[in-house]
Each structure stands twice: as structure tokens, then as C-alpha cells.
**Q** 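Dropping a structure here in C-alpha cells format, bear with me for questions.
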Amino acid sequence: MGSFDGIFDGLNEGQHQAVATTEGPLLVLAGAGSGKTRVLTHRIAHLIGGCGIPPESILAVTFTNKAAGEMRERIEKLLGPVAEGLWVGTFHSTCVRILRRDIGQIGRSRGFVIYDDSDSLAVIKEVLRRHDLDPKTHDPRGLRWRIDQWKNQGVLPARAVEEAGDLDDELSAELYVTYQRLLADANALDFGDLLLLTVELFRHYPEVLAHYQRRWQYVLVDEYQDTNRVQYQLVRMLAAQHENLCVVGDPDQSVYGWRGADIRNIMAFEHDYENAKVVKLEQNYRSTQPILSGASAVVSNNQGRRDKEMFTERTDGAVIRRYEAYDDRDEAQYVVRQILEGARGGDQAYGDYAILYRTNAQSRGFEEELLKYDIPYVVVGGVRFYDRAEIKDVLGYLRLVVNPQDDQALRRVVNRPARGIGKTTVDRAQQLAQQQGVPMLEALGRLVDSGQAGRSAKRVVAFLELMSGLAREVPSRRVDEAIALVLDRSGYLAALAKEATPEAEARHENLKELLTSAEDFHAVNALSPDEERGELEVFLDQVALISDLDSYEQREERVSLLTAHSAKGLEFERVFMTGMEEGIFPHGNSSRSEEGLEEERRLCYVGMTRAMNHLTLCWATERRRYGERSYQTASRFLDEIPSEFVEVIQSDAAPRQSFGGGGGRGAAQGGGFDEYAQDEVSIDYSFNQEGPDEITVRKGMRVRHPVFGVGTVGAVVGNGLDQKLRIKFDRVGIKTVMLRYANLEPA
DNA sequence: TCTGTAGGCGTTTTT
DNA sequence: CGCCTACAGA
């Protein structure tokens, strides 16, 4: 096999073999930092450029849009635009694509919408209501979790009912039936459905499956250790004929068991595919010896591991630091000071640093500390941009236009902004809808026609007119125009402007950001529009499937804050792993079972191996949890690192007298005084957007606000993230604006 | 119908 | 501690 344009240049033996083995089943066991993306991209480039395989015959599946995007980019770099017809996508987006074409076969409409977490939770609550169950005794999130598990396992409602083991299960299964019916009525699919229904489609319609089998002669799967049962089945079906299947993964980085991922999928690959070849990539190109050895030592405590011995040629390097903080504040201070020192020394950029933690809630303390020193940062994960209330409101209108059956969207938008259509009216509409078997939007109309709308009839008519107006105009517009139209016609923007609170200001900012991203979307989409589906539909699909992580980009000028889970696949020059305490990492909910604990340990391995040159592990003897003081012990994982790789640093911080608010109300006075004591604060916008950048605002200073005009700064209220400024504006009087969002400039 | 407040509850990780 | 929900009052 000849090399093509240096596709094989610079690959080590294992990588070379993985790239060159194009036919038949192949398992690539790729340890952390072993160049697995390189293997995948070069393999695809080799298939196309070297073997002459048409790009449209290749399917590459990843878990995140970000990974998919990066892969495509790197392939295009290797091959140029030849890669056009190549399909690189997530499991979910791939399934959407299949279902948009063929879901009609299993009796569903191709115009379905995708329900996200909060939509599906709302449906769950509706299910409980219909079964006369109290959400207090029947936890909606628990039920959703149970249903999700079923879907991950490939279990349809009927089978769940059949196989229910006890009364509890039986009830859950019945609720699953109702849930699924409600989704169908709304012409909606949840995340789990995308995978589950695709597998069902393939199972019952072999000719449909055959179509995709013929089309995708070569299938590649990234992060195979994270596949769940349905994903496993899907891959298996697609590859069944040709078995040109290459899966890449690392059992030591399997950290999504709670989401249904089954580590056995990767462990049993050779059993599943008889002629499978196995390639191990054991050279780590990322980390120094102490980091790699420390991380390997931790994960080697897991039982039943697949043997893998990682090595690095970077045998020098600083030892791992272990910092023992007095409390969580001390921990945050230490980390931020280290960052400050590194950056002031001039050698490090802020972007070289990542602060990792186990749970999103832990970010807050670090954010406040970073804010104090004006250090730019980005928090990855947590609340999705598209999950913010105002964004979902606006998208709700668009969803309802695209799919008038979308009851969740209707419930969301019908009274936002407040237009006097309250609970009573909505409940009536809901009842009528249920009785007559029509969507709620339709039911609203019938309510008016039959004179049952009472006092709110007029307002309901106005709403229906608004919706039909939008339905008429939106389809012919660009997405960004459609959004602008909704904002205007619905009175949403006007209501926000009238509110004139810092929160409203923040929401307005987010909506502007939405408009910008819609413009960007249009610009890209216009280049290769989908022939069958409108721009808006494609936009809504994308929005439903995008995660916060997907839009994250590492930038030189800002520190990254993220969970260990989110950090998977990334690398940083310097990493702080924080909250390394029993109960947090390993997390209390996972430490009870041995499998849970092993997954935590793998997660620890993932976190540690993100570091290229410097790794610091922090823990605190005391920590505020649920607002209460809790005494912590060091994570067992810390003691699993051989001491030769570790330097222990003790905090010299003096124990503080009290914890912020302490136990009693009396402390609030102190806090209150403190809040108003500040008279100078500087604002750094750079973590939020590009652009200019930092100004210092002083009490008495004249500033210009983009909406309220010129004014004089009064007081600075609050601290940290919630910091607000009270400003007396010349035109509109005293307003409080939120520091983070008010785009102030000196006047 | 809307707004304010008190109480309860929770936090694991996310496509 | 902070968010969300349920409920009471206007």
C-alpha cells in the first residue's frame, strides 16, 4: 500500500498500522494522549486519498458535535474540499438525518421536533398529572431517568410493561407508555428516541437498513467505550454486511456509565467480531513522566482492566503538586494566585490553565476569585446557552410555527410576555385538547369558538392571530429575520425594555447573542442549503442537539473552568484538579458500589491526563456544602499516587473565624456593610466576547450605557458574579445594571 | 391573573 | 446556600 501525500509521515508503528488496516473489523485501543484523533483523520484521508474510496461511502460517528467538527476540519486540511460527501456526525445527528428521511415507515411524521431535557421533564409532569399521581411522592426526574435507561437499553414501552419485575417497575412502565403517547401526539422525539427509533426502524425495515449499509461501506466510531446498548446495536447493524468497522476507544476513559454506557461493548469487541484486529496505541505524546505515571498508578487500582502500559518520552518534568487547603476559599485563592503568578511571570498565558472539578456547582468559588483579579475565564458546561429561559421562549414561537402540535412550546409561549392568558385558560385548553384529541393550539381556537374562553377570549384571539401571522411570514424568511420578527411581534423585546432591570438587560444581551448566532448559521447554511428542509427546521435541529461544550473554544487569553467529564478529549499546559475529597471526588453517590468507584477512578485518570506539563491536585479540610460547614478528608485517589511523583504543599492560611454568613442572622449586617463599602470596580468583558475590554468604574464616574445613555455611578452592590451597579442616568433616572452585562464605557 | 414570599429540596457527571 | 415550586393575597 503506497503512501499518499505523506499520510503516513510521522506516524508511529501502531498508528501506521491502524491507518493502513482499512478492511474488516478493527479495534484501536488508544490511551490518553496517544494521538487517536490523528489516527482517525489520517485513516479517513487514507481511505479517500489512498484507496480511492468515495467520501460518501464513509461514516464517522462521534459523541460531541465539537469532536465531529474538529475531525472534519482536520480531514479537510489533509485532503482539501474533496471530503464534501463524507458524513461526520454525532450518534444523535446521524440518527436525525436517517429519521428525517425514513421515519414515515414506522408511522411517524418526518416533521417531528426534538424535545430537550426540560421539555421531556414537562411531559413527564403531564404524565403524572394524567395518572393522578403526586409529583412529591413520584419524583418526575426519577421517572425520566428510568425511562431514559429503558431507551438506552433499547427497550420500548410494550416490552417494559411485559418485563416489569415489581409493582414499582410496572407503574413506571405504564407511565412510560403514556409518556411515549404524549410525545407522539406532540409529534416530538426526545434524545433517547432518536437512537431507539432508528434501531427500531432498521429492525423492522431491513430494506431501509440495507440502503444505509450500502451507502456507508466504511464505518468509524470514536470513543467506543462510551457507547450504550442502543448505540452498540446501531453500529452493529450498520456494519453487519461489510464489517468494515473501526472503533477507537480507551476502556480506562469510560466515564458515562450513569448514562447507560456499557464498558463491555469495547471489552467484547473481539468476541463480537471474529476477525477483529487489535491495535494498541501506548505512547503518550502529551504529558510528562510524573503526570502519566501518577495517573496510570491511580487507574491501575481498578480490577479487571485490560492490560495497557502507557509510556512517554518526556521523561523530565515537574512532579505533581498536592495542595492541602484550609477550606474551599483558601483553595480558590491558592489556585488563582498560582495562575496570576504564572501569567505575571510572562511565561504562561491564561489560556494555558484549566481548573477542573467534579460538579458544576464548584465553579462558583473560583469564578468569584478570578473576578476579583480581573482574570478572564470561561465556564464550560453547566447551563446550556439554548436552555436559558429567554432563548427557549423565542425558539418556542418558532417551534410552534414549524409544528403546531408542539404542546410544550405552546405552554411556554402562550403567556410570555404576560398577555393575560393564565393558568385557568391554559388548563381549559388542555382539557379540551385531551377530550377532542387535538393539539392545544387548536383547542385554544375551539375554546373561543364555543364561547368557553370567558373573559380572556379577546386575548386568546389576539394570540392566535399573532401565531397565524407568524406562520404566514416566518417560513419565507432567514432564521435571523424570523427571530427578529418573533421578538418584535410577540412584544417580547418591548416587555424586556419596559422591565428595565439588570436581569432583563442580561436577557436582552442573550437574545442579541442568539441573533448573532442565527446570522452565522444563515451565512454557513446558505452555502449548502438542505434541499428538502427549510433553514429554520435545520436550525432548530442543530440547536436541540448542540451542547454547551460544543461551542467552547480554547483561547489564549482566558482560563477554562470545567468538569472532569467535560474536559475529556482536551489538553492543557497546566491543570488544577480541585475538590479532591471523599464524597466529592469520588462522588458520594458513586462510592457505594465498586463499579461506581471504578468509574470515578477512571474519571480521575481522565482529569489527570489532561495536563501536559503541570498538574496540581487540591483538597480542602473544610468546605461549605449546602451552605453548611462540612469537614472533609482527602480523596483516596490522592493516596494512590506513588509519593515519588508528588510534592505536598500545606496551606499556611489561618483558620477564619466565621464562614461568610455564619449560622445566624446577625452576620448579615456585616455582609451588608461590606457590600456597599466598595467604590471602585473594574470590569473585564473579555471572557464574554471579544472587544474592548476593560474599564475601571469609580463611584461618581460618568459612564455611558448602550440603552440608558449617560449617567453617574452611585453604588456598587453585591459581589462576585452578581455584582450590580446603581447608576443615576440623566434621561431615565436611577437604574441598577448588572456588571457582567452592562456594556459600559466612560462618558 | 399576577406578584411576592415561604418553604422545601438538592448536586454528579450530558448527547 | 440558591433555586424552584406551591400557595396566599391583591
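Below, chain A is the first sequence line, B the second, and so on; all start at residue 1.
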**Q** May I ask you to evaluate whether A:T563 reaches the phosphate of B:dT14, defined as a side-chain N or O under 4.0 Å from OP1 or OP2?
**A**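 The answer is yes; a side-chain N or O of A:T563 sits under 4.0 Å from OP1 or OP2.
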**Q** In whole Å, what is the span from the CZ atom of A:F585 to the P atom of B:dT13?
**A**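 It works out to 12 Å between those atoms.
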**Q** Is any side-chain nitrogen or oxygen of A:N360 closer than 4.0 Å to OP1 or OP2 of B:dT13?
**A**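 Checking A:N360 against B:dT13: at least one side-chain N or O falls below 4.0 Å of OP1 or OP2.
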**Q** Check whether any side-chain heavy atom of A:Q632 lies under 4.5 Å from a side-chain heavy atom of A:E622, and answer yes or no.
**A** no
**Q** Using heavy-atom distances to pick each residue's nearest nucleotide on DNA chain B, tell me which of A:R419 and A:N589 is more 5'.
**A** A:R419
**Q** Could you give the CG-to-P distance, from A:D387 to C:dC4, as a whole number of Å?
**A** 12 Å
**Q** Touch check for A:R141, heavy atoms < 4.0 angstrom, all strands: base, sugar-phosphate only, or nothing?
**A** sugar-phosphate
**Q** In terms of side-chain heavy atoms of A:S566, which of B:dT15, B:dT12, B:dT14 is nearest?
**A**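 For A:S566, the side-chain atoms sit closest to B:dT14.
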**Q** So if I take every side-chain heavy atom of A:T90 and compare against B:dT12, B:dT15, B:dT1, which nucleotide ends up nearest?
**A**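 Side chain of A:T90 sits closest to B:dT15.
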**Q** Side chains of A:W258 and A:H565, heavy atoms from C-beta outward: is any pair under 4.5 Å?
**A**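 A:W258 vs A:H565: side chains touch.
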**Q** Do A:D119 and A:Q408 pair up side chain to side chain, a donor and an acceptor below 3.5 Å, judged on atom types alone?
**A**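 On atom types as modelled, these side chains do not qualify, holding no pair under 3.5 Å.
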**Q** Picking from B:dT1, B:dT15, C:dG2, which would you name as closest to the side chain of A:F191?
**A**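 Nearest nucleotide to the side chain: B:dT15.
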**Q** Should A:S547 be listed as having a side-chain N or O under 4.0 Å from OP1 or OP2 of B:dT15?
**A**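 The answer is yes; a side-chain N or O of A:S547 sits under 4.0 Å from OP1 or OP2.
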**Q** Could you state the atom-to-atom distance from CG of A:D134 to C1' of B:dG8 in whole Å?
**A**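 Going from A:D134 (CG) to B:dG8 (C1'), I get 13 Å.
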**Q** Check whether any side-chain nitrogen or oxygen of A:N415 sits under 4.0 Å from OP1 or OP2 of B:dC2, and answer yes or no.
**A**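 Answer is yes, contact under 4.0 Å.
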**Q** For A:F63, report the nucleic acid contact type (base, sugar-phosphate, nothing); a contact means any heavy atom under 4.0 Å.
**A** sugar-phosphate
**Q** Determine the interatomic distance between C1' on B:dT12 and the same-named atom on C:dT5; round to the nearest Å.
**A** 23 Å
**Q** I'd like to check A:E331 versus A:R623 (side-chain heavy atoms, cut-off strictly below 4.5 Å). Are they in contact?
**A**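 Counting from C-beta outward, A:E331 and A:R623 do come under 4.5 Å.
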**Q** Can you check the A:R229 CZ to B:dT15 C1' distance for me, whole Å?
**A** 20 Å
**Q** Any N or O donor-acceptor pair linking the side chain of A:W258 to the base of B:dT12 at under 3.5 Å?
**A** no
**Q** For A:K125 and C:dT5, is the shortest distance between a side-chain N/O and OP1 or OP2 below 4.0 Å?
**A**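 Checking C:dT5 against A:K125, a side-chain N or O does come within under 4.0 Å of OP1 or OP2.
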**Q** Hey, does the side-chain of A:S590 have a donor or acceptor N/O within less than 3.5 Å of a partner on the base of B:dT12?
**A** yes
**Q** Would you mind telling me which of B:dT1, B:dT14, B:dT15 lies closest to the side-chain atoms of A:Y256?
**A** B:dT14
**Q** Using the test ring-ring contact (aromatic ring centres under 6.0 Å, His included), find all partners of A:F576 that sit at least two apart in sequence or belong to another chain.
**A** none
**Q** With a distance cut-off below 6.0 Å to the six-membered ring centre and an angular limit of 45° from the axis, does A:R146 pair with A:W150 as a cation-pi contact?
**A**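 Flagged: A:R146 positioned over aromatic ring of A:W150.
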**Q** Round to a whole Å and report the spacing from CZ of A:R625 to P of C:dC1.
**A**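 Going from CZ in A:R625 over to P in C:dC1 covers 16 Å.
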**Q** Send over the distance from A:K136 NZ to B:dC9 P, rounded to a whole Å.
**A** 8 Å
**Q** For A:H565 and B:dT13, do the ring centres fall under 5.5 Å apart while the planes stay under 30° apart?
**A** no
**Q** Give the rounded distance in Å between these two atoms: CD of A:Q231 and C1' of B:dT14.
**A**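 So the two atoms are 12 Å apart, to the nearest Å.
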**Q** Check the distance between B:dT15's P and A:F385's CZ and give it to me in whole angstrom.
**A** 16 Å
**Q** With heavy atoms under 4.0 Å as the rule, sort A:D117 into base, sugar-phosphate or nothing.
**A**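 Base contact.
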**Q** Please compare A:G381 and A:D139 by the position of their nearest nucleotide in DNA chain B and report the one closer to 5'.
**A**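 Going by which nucleotide is closer to the 5' end, it is A:D139.
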